[in-house]
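Data first, discussion second: the structure below is written as structure tokens.
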Amino acid sequence: MEEVNNYSGLKIGIIMDGNGRWAVARKQPRTFGHTRGLEAAKTTVKKAAELGISHITLYAFSTENWKRSEEEVGFLMKLISKHLKKEMDFYKKNSIRVKVIGDKSRLPKEIIKEIEDVETATDHFTGLTVCLAINYGGRDEIVRSINKALENKQEITENTISEHLDCPEITEIDLIIRTAGEQRLSNFLLWEAAYSEYYYTDILWPDFTEDNLLAALKWYGSRNRKFGGVK
Ligand code: FPP
């Protein structure tokens with residue numbers, strides 16, 4: 001697909017939905033879908049870096065995902081932890097900075113260690129920032145942000161709430177992409193998505209390709225963003 005636009009500075013978020021359905025359609029366990037979903041995430045991140053996108057936020061595990069079976073939760077935690085350890089070189093080679101958003105206090109110790117290692121090792125990179133949303137919920141993030149402001153005895157304003165979000169750099173998200181045909185936000189980036197454009201596709205996440213990303217970006221380029229004003 002022809003690449004015509006300049007995406008530098010763009011901040012996008014992705015709800016990577018459909019892993020389970022993708023696997024079940026192949027008579028495989030749901031966890032297989034997550035493994036293949038991780039591959040799709042890597043391809044997408046690499047393409048985003050090439051395109052000069054500024055921030056990409058991936059919804060890897062929500063505060064609600066603990067309701068899944070113990071087996072699936074354990075698998076996802078291991079998958080993420082192994083990924084962070086194994087792909088340190090991938091992030092370094094591509095000059096990608098990694099940040100994690102979400103409440104880390106409920107995460108297994110091993111993951112917390114991998115998160116700290118990868119965040120520290122990639123902090124100096126100035127290209128793409130990947131924000132991994134792990135044990136993340138938009139409402140939870142807003143509540144934690146307000147509590148941090150109150151601890152600092154700050155007045156609660158839009159600015160103080162924005163300042164105390166997990167990654168204040170993504171206070172404004174330009175584009176949210178959701179796969180697998182659902183059209184809801186599912187507690188993703190509630191504060192940050194106030195003026196986002198929403199792109200939905202029926203493609204299941206493990207099937208998401210570079211061309212699908214380009215199609216979403218092209219669609220975004222055609223949007224007339226007014227931010228409540230008149231153009
Ligand atoms: C939603 O599909 C997907 C998830 C809850 C997990 C997404 C996680 C990954 C792809 C791993 C990525 C990890 C990193 C570090 C980038 P679903 O299981 O709800 O699918 P379904 O709606 O078809 O059941």
Side-chain angles (χ1 to χ4, degrees), residues 12-49 53 55-92 94 96-102 104 106-108 110-119 121-122 128-138 166-167 176-189 200-209 212-213:
I12 69 177
I14 307 189
I15 304 176
M16 308 178 289
D17 198 10
N19 293 348
R21 273 165 279 176
W22 185 91
V24 168
R26 284 161 183 76
K27 303 200 176 4
Q28 295 287 332
R30 295 175 50 80
T31 48
F32 182 56
H34 296 316
T35 304
R36 295 297 288 266
L38 180 56
E39 289 306 312
K42 245 181 95 175
T43 311
T44 305
V45 162
K46 216 164 159 201
K47 189 68 190 171
I53 284 171
H55 289 69
I56 181 166
T57 304
L58 299 173
Y59 207 3
F61 193 91
S62 77
T63 45
E64 288 72 35
N65 286 154
W66 298 104
K67 291 183 211 151
R68 296 185 176 207
S69 74
E70 211 175 296
E71 187 208 347
E72 188 170 342
V73 169
F75 182 90
L76 275 168
M77 288 295 149
K78 267 214 185 87
L79 186 72
I80 295 169
S81 164
K82 272 203 316 222
H83 166 80
L84 293 174
K85 192 172 183 153
K86 194 175 124 224
E87 302 296 353
M88 181 79 97
D89 282 347
F90 164 79
Y91 289 118
K92 282 187 178 167
N94 293 288
I96 294 168
R97 182 167 160 250
V98 181
K99 293 240 155 238
V100 169
I101 60 171
K104 294 177 196 144
R106 251 192 97 182
L107 292 176
E110 314 81 73
I111 294 209
I112 296 177
K113 157 98 174 67
E114 304 305 346
I115 290 173
E116 284 168 0
D117 286 353
V118 75
E119 283 185 336
T122 62
L128 175 72
T129 297
V130 175
C131 295
L132 297 174
I134 307 175
N135 191 25
Y136 176 87
D166 292 338
C167 182
I176 305 255
I177 298 171
R178 181 166 189 152
T179 56
E182 310 299 344
Q183 303 199 355
R184 51 178 175 260
L185 203 44
S186 300
N187 207 7
F188 186 50
L189 301 178
Y200 302 104
T201 168
D202 287 338
I203 292 160
L204 304 177
W205 177 251
D207 288 330
F208 195 82
T209 63
N212 298 133
L213 176 67

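Both counts, for ligands and for their atoms, begin at 1 and track the order of listing. These figures come from a predicted structure and were not determined experimentally.
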* Please name the pair of heavy atoms, one in N135 and one in R106, separated by the smallest distance, quoted to 0.1 Å. =>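 Shortest heavy-atom separation between N135 and R106 comes out as ND2-CB, 3.5 Å.
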Could you go through ligand 1 and note, for every N or O atom, any protein N or O atom closer than 3.5 angstrom, writing the atom names and distance to 0.1 Å, or 'none'?
unit_1: ligand 1; atom_1: 2 (O); unit_2: D17; atom_2: OD1; d: 3.4
unit_1: ligand 1; atom_1: 2 (O); unit_2: G18; atom_2: N; d: 3.4
unit_1: ligand 1; atom_1: 18 (O); unit_2: R30; atom_2: NH2; d: 2.9
unit_1: ligand 1; atom_1: 18 (O); unit_2: R68; atom_2: NH1; d: 2.9
unit_1: ligand 1; atom_1: 19 (O); unit_2: D17; atom_2: OD1; d: 3.4
unit_1: ligand 1; atom_1: 19 (O); unit_2: R68; atom_2: NH2; d: 2.7
unit_1: ligand 1; atom_1: 20 (O); unit_2: G18; atom_2: N; d: 3.3
unit_1: ligand 1; atom_1: 20 (O); unit_2: N19; atom_2: N; d: 3.2
unit_1: ligand 1; atom_1: 20 (O); unit_2: G20; atom_2: N; d: 3.1
unit_1: ligand 1; atom_1: 22 (O); unit_2: D17; atom_2: OD1; d: 3.0
unit_1: ligand 1; atom_1: 22 (O); unit_2: R21; atom_2: NE; d: 3.4
unit_1: ligand 1; atom_1: 22 (O); unit_2: R21; atom_2: NH2; d: 2.9
unit_1: ligand 1; atom_1: 23 (O); unit_2: G20; atom_2: N; d: 3.4
unit_1: ligand 1; atom_1: 23 (O); unit_2: R21; atom_2: N; d: 2.7
unit_1: ligand 1; atom_1: 23 (O); unit_2: R21; atom_2: NE; d: 2.8
unit_1: ligand 1; atom_1: 24 (O); unit_2: R30; atom_2: NH1; d: 2.9
unit_1: ligand 1; atom_1: 24 (O); unit_2: R30; atom_2: NH2; d: 3.1

* Apply side chain to side chain contact (heavy atoms under 4.5 Å, CB included) to the pair L84 and I80, showing each step before the final yes or no. => CA-CA 6 Å; L84 293 174; I80 295 169; 4.2 Å; yes
* To do: Indicate the ring-plane relationship of Y59 and F188, choosing parallel, tilted or perpendicular according to the 30° and 60° boundaries.
  =>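 The rings of Y59 and F188 lie parallel, inter-plane angle below 30°.
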* To do: Give a yes or no answer on whether the side chain of D117 reaches the backbone of E114 with a donor-acceptor pair at less than 3.5 Å.
  =>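 Here the side-chain-to-backbone pair does not exist.
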* **Stepwise side chain to side chain contact (heavy atoms under 4.5 Å, CB included) check, Y136 with L189** => CA-CA 9 Å; Y136 176 87; L189 301 178; 3.7 Å; yes
* To do: Could you tell me whether the side chains of R30 and S69 share a donor-acceptor contact shorter than 3.5 Å?
  =>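 No, S69 and R30 have no side-chain donor paired with an acceptor closer than 3.5 Å.
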